[in-house]
Amino acid sequence: MTHDTGSLHARHRAVMPSWLSLYYAQPLELTHGEGRHVWDAEGNRYLDFFGGILTTMTAHALPEVTKAVGEQAGRILHTSTLYLSRPMVELAERIAALSGIPDARVFFTTSGTEANDAALLLATTHRRSNQVLAMRNSYHGRSFSTVAITGNQSWSPTSLSPLQTLYVHGGVRSRGPYADLGDPEYIAACVADLEDMLQQTAGGVAALIAEPVQGVGGFTAPPDGLYAAFREVLAREGILWISDEVQTGWGRTGDHFWGWQAHAESGPPDLLTFAKGIGNGMSLGGVVARAEIMNCLSANSISTFGGSPITMAAGLANLNYLLEHDLQGNARRVGGLLIERLRAVAAGLDVVREIRGRGLMIGIELVRPGTDEPSPEAATLVLEAARERGLLVGKGGQGGAVLRIAPPLTLTVAEAEQGAELLADALRQTQRQLADASES
C-alpha cells in the first residue's frame with residue numbers, strides 16, 4: 001500500500017478548519033507505534049518525546065491495553081450511562097481512592113476539555129456564581145467555557161464568555177513582576193495579589209482553577225506550596241479549588257502522583273480533573289469531586305460516551321500497568337537524568353534561556369540569542385531539526401517559544417540519553433542558523 005502524504009495534506013486543508021494546526025513544514029502521517037517509537041507513512045522511525053500531547057502515557061501498543069480493548073470490543077462496545085457498567089464502576093473506585101479527595105465521586109468524560117467544562121458547571125452551580133479565578137498563561141481546553149478561562153492569548157480565539165474570569169499571578173516563576181524574588185517572597189507577593197483581587201470582586205467567587213504545571217503554557221510551575229497558600233485565602237471565602245491534572249496526573253512529574261501534592265499542606269483540592277494519559281490514547285477524561293459538590297446538580301444528566309466500556313477497559317489496564325511497574329518512580333529517575341543531560345547541553349547555548357520541569361515533563365524555553373526575547377522561530381527550527389534526526393518533540397508557551405518534552409513513562413535510560421543527544425544536535429544547528437541569519 002502506497003502513501004502520498006502530500007496529497008493527504010492537500011485533502012486535509014480542503015476539508016479541515018484553517019485553525020487546526022499541524023506540526024512541520026511537511027506534516028507527518030503517523031501510521032503505527034511500539035514502545036517509545038512511532039513510524040510515519042514513508043517508513044521513517046522516530047523516538048517519541050511528546051506522546052501525542054502527553055497522551056500515550058505508558059507506551060505505544062502496550063500489550064496489556066490493546067488486549068483489554070480487544071477483549072472488551074469483542075463483548076460490547078457501547079451502552080451509555082443509562083445502564084450499569086462494571087468497568088466504569090471499577091475504574092471510578094480506583095480513581096476515587098487515588099485522588100485523595102474524601103467521599104469522592106467520579107464523572108467520566110471523553111476529553112480534558114469536557115472534564116474542565118464539567119468542573120466549571122459543578123463549581124459555579126454549587127457556589128451560585130459565575131466568577132472564576134484562573135492563572136495567567138493557563139490553558140484548560142477549547143470549549144466555549146474553557147476558552148473563557150484560558151490565560152494564554154495564543155489559544156484564546158474570543159473574548160466572549162459565559163463566565164467572569166479574573167486572572168491571578170503565580171503560574172510562571174521566571175518571568176513577570178515577581179521573578180527576581182526568592183520563593184517565600186514570591187509566594188507572599190502572589191498571595192497579596194490574590195487577596196487584593198478578591199477585595200475588588202462583587203459577590204462570591206466560585207472557584208480557582210489551576211494547572212499545577214502549566215502544559216500548553218510551556219511547562220511552567222510556581223514554587224511548591226503556592227497553591228497551598230492560595231487555598232488558605234480561598235477557604236476563608238468558601239471558594240473552591242479545581243486542580244487541572246489533565247497533563248500532570250498519574251505520576252508524570254515523578255515526585256508526586258498528582259501535581260497538587262506539591263502543594264499538599266492544604267490537603268486535596270475540592271475538584272480534580274483528568275484526561276490524556278489515563279486512556280493511553282483512548283478518549284477518556286473525567287472529574288473527581290466531593291459528593292456534596294458532585295451531587296449539586298438538580299437537573300437530569302447522562303453521558304452518551306463518557307464511561308464507555310471500551311475506554312474504561314483501556315483505562316483500567318493502563319492504570320494497573322502504571323502502578324504495578326512504578327512508572328512514577330521511572331519518571332523521577334529517568335526524567336532527572338534527562339534534565340541533567342539537557343542542562344549540560346544548554347550551558348553553552350545562547351538560544352536556550354531556561355530548562356525547567358520535573359519528572360518526564362520538561363520545558364526548554366528558547367530566546368533570540370543575546371536577548372531575553374522569546375523566539376518562536378527558534379522553537380520551530382528545533383522542532384524541524386529534531387524531526388530530521390528521528391526525534392519528535394512538542395512546543396508551547398506564549399507564542400510557541402518553548403519545547404515540550406514528555407515521553408511515555410516507560411522511557412529507558414538509553415532512550416533518554418539518545419533523545420538528549422539528538423536534541424542537543426538540533427539545538428546547536430538552530431543556534432548556528434540564527435547566528436548566520438543575523439550576520440547576513
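Values below: every heavy atom of this structure, side chains too, minus hydrogens, waters and symmetry copies.
Under the 3.5 Å distance criterion, with hydrogens and angles disregarded, a donor-acceptor pair is assigned to the side chains of R75 and Q72. Looking only at atom types and distance, the side chain of T220 has no donor-acceptor partner in the side chain of R175 under 3.5 Å away. Inspection of the Q214 and N137 side chains reveals an N or O donor paired with an N or O acceptor under 3.5 Å. One side chain, N116 or T273, offers a donor N or O that lies under 3.5 Å from an acceptor on the other. Residues Q433 and R428 bring no donor and acceptor atom of their side chains to less than 3.5 Å of each other. A donor-acceptor pair shorter than 3.5 Å cannot be found between the side chains of T380 and E377. Side-chain polar atoms of H325 and N330 form no donor-acceptor pair below 3.5 angstrom. Checking K276 against S111 by side-chain atom types alone, no donor-acceptor pair falls below 3.5 Å.
In this structure, Y167 places its OH atom where more than 12 heavy-atom neighbours from other residues, nucleotides or ligands lie under 6.0 Å away. Dense packing is recorded around CD of E384, with more than 12 heavy atoms of other residues, nucleotides or ligands lying under 6.0 Å away. At most 12 non-hydrogen atoms from other residues, nucleotides or ligands lie less than 6.0 angstrom from CD1 of I53.
Rounding to the nearest 0.5 angstrom, the gap separating the CD1 atom in I355 from the CZ atom in R341 is 13.0 Å. L316 contributes atom CG, which lies 4.5 Å from atom CG of L91 (distance to the nearest 0.5 angstrom).
Remark: R404 fails to qualify as a cation-pi partner of F50 under the 6.0 Å distance and 45° angle criteria applied to the six-membered ring. Within the cation-pi definition used here (under 6.0 Å to the ring centroid, within 45° of the axis), R387 does not qualify as a partner of Y46.
Between Y227 and F230, the angle of the ring planes goes over 60°, which puts this pair in the perpendicular group of the 30/60° scheme. Between H32 and W39, the angle of the ring planes stays under 30°, which puts this pair in the parallel group of the 30/60° scheme.
Put simply, the residue from L409, L411, I339 that forms a side chain to side chain contact (heavy atoms under 4.5 Å, CB included) with V334 is L411.
Closest of all the heavy-atom pairs between F49 and L338 is CE2-CD2, 4.0 Å. For M282 against A314, the heavy-atom pair with the smallest separation is CG-CB, 3.5 Å. Minimum heavy-atom separation, C190 to G170: SG-CA, 3.6 Å.
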Checklist entry - Would N318 and T58 count as a side chain to side chain donor-acceptor pair (under 3.5 Å) if you check the C-alpha gap in whole Å, the side-chain angles of each, and the deciding distance to 0.1 Å? => result CA-CA 7 Å; N318 199 40; T58 48; 2.7 Å; yes
Item to check | Candidate pair L323 and Q328, rule side-chain contact (heavy atoms from CB on, under 4.5 Å), full reasoning | outcome: CA-CA 8 Å; L323 295 172; Q328 177 184 337; over 6 Å; no
Next on the checklist: Pair R94, N320 - check side chain to side chain donor-acceptor pair (under 3.5 Å), show working.
Outcome noted: CA-CA 10 Å; R94 298 293 301 279; N320 287 338; 2.6 Å; yes
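The six-membered or imidazole ring of Y178 lies near that of H169, with a centre-to-centre distance under 6.0 Å. Taking the six-membered ring wherever Trp is involved, the centroid distance between the rings of F274 and W258 does not fall below 6.0 Å.
Between P407 and E415 there is no side-chain heavy-atom pair separated by less than 4.5 Å.
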